[in-house]
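Here's the structure we're looking at; comments come further down.
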Amino acid sequence: MYNLFSLICLYAFGHLASSTSVPFITKCNLNDSKCIKKSTQAVIPIFANGIPDMGIESLEPMELKKVDASTSNLKLIVTDLSIAGIKNCIAKKIQFDDSKPTKFLFKIECTADLKGNYEMNGQLLILPIQGKGRVTAVIRKIVFTITGEYGKITGKDGETHWDITNWKHTFDIKEKSDLNFENLFNGNEVLGKTAQEVINSSANDILLEIGMPFTTAFITNIISNVQKFFHTVPLKELIN
Ligand SMILES: *[C@@H]1O[C@H](CO)[C@@H](O)[C@H](O)[C@H]1NC(C)=O
Ligand SMILES: *[C@@H]1O[C@H](CO)[C@@H](O)[C@H](O)[C@H]1NC(C)=O
């Protein structure tokens with residue numbers, strides 16, 4: 001009985017995934033960047049909440065098991081990192097350029113709440129630092145610029161789909177962030193307070209310095225879900 005039910009569900013979902021109607025997408029001309037930006041903006045919250053039919057998991061919050069941001073000067077490992085706020089990200093500029101090579105540019109601005117466990121030892125900017133405990137951050141107006149190339153592939157549905165072939169990114173932070181490490185110097189009040197004061201006054205500088213492994217993990221996750229979206233939705237449903 002259960003098996004039969006699963007089979008029916010599988011069939012129904014398979015059918016859904018291969019059907020071509022995607023009600024929340026506004027089709028645009030490829031050269032109409034205003035339309036593409038607006039259409040992307042409408043998709044962001046739906047996307048962030050997850051689209052199970054497309055294998056897109058909920059990104060609200062995004063969970064990252066482990067990010068190792070260690071450098072030669074600093075051991076920094078963050079585990080069980082949770083990032084909330086993706087559904088409120090703003091599409092600033094979305095472009096697809098169909099000349100060869102076919103290129104895209106996504107510029108998105110997010111305000112995110114981060115929570116996780118950290119382990120740190122070494123030098124943060126010029127500050128000697130050590131600790132292990134909870135880390136929380138509020139990062140306001142972080143702007144990601146993602147550029148890359150895309151190609152076209154034929155899906156299992158026989159339709160043409162976009163396929164992201166490579167990408168890279170930069171980021172900048174437009175407003176002051178909060179960054180708080182609990183239990184610095186194993187709870188030593190004096191050392192901990194002094195270090196946290198420095199961290200408070202240079203949170204953005206620190207985030208720009210240590211941020212790349214975190215933003216790379218973040219964007220890798222986003223791109224892998226965008227790729228699932230492109231591989232599920234035929235190009236003719238996205239672009240006129
Ligand atoms: C965009 O391309 C279409 C044809 O593909 C053309 O009709 C239209 O004028 C172009 N629009 C702009 C803003 O360039
Ligand atoms: C650091 O800033 C937070 C607010 O983000 C504040 O609650 C905390 O008291 C500050 N810590 C120090 C040591 O200045």
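Small disclaimer: the values here were computed from a predicted structure and weren't measured. Numbering starts at 1 and runs along the sequence shown. Just so you know, ligand 1 is whichever comes first in the structure, and atom 1 is the first atom listed for that ligand.
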- request: Over all heavy atoms of both residues, which pair between T160 and K152 is shortest? Give the atoms and the distance, please.
  value: CG2-CB, 3.9 Å

Run through all N or O atoms in ligand 2 and write down each protein N or O closer than 3.5 Å, as a pair with its distance.
from	atom 1	to	atom 2	distance (Å)
ligand 2	2 (O)	N200	OD1	3.3
ligand 2	2 (O)	N200	ND2	2.3
ligand 2	11 (N)	N200	ND2	3.0
ligand 2	14 (O)	N200	ND2	3.3

query: Can you pull the disulfide (SG to SG under 2.5 Å) pairs that have at least one residue in residues 100-167, sequence neighbours excluded?
result: C89-C110

query: Do side-chain atoms of D32 reach the backbone of C28 as a donor and acceptor pair under 3.5 angstrom?
result: no

query: Which value, rounded to the nearest 0.5 Å, describes the distance between I139 atom CD1 and N204 atom CG?
result: 8.5 Å

field: Full working for ring-ring contact (aromatic ring centres under 6.0 Å, His included) between F96 and F106
entry: CA-CA 9 Å; F96 292 91; F106 303 155; 5.8 Å; yes

- request: Walk me through it: do F144 and F218 pass the test ring-ring contact (aromatic ring centres under 6.0 Å, His included)?
  value: CA-CA 10 Å; F144 299 100; F218 178 79; 5.3 Å; yes

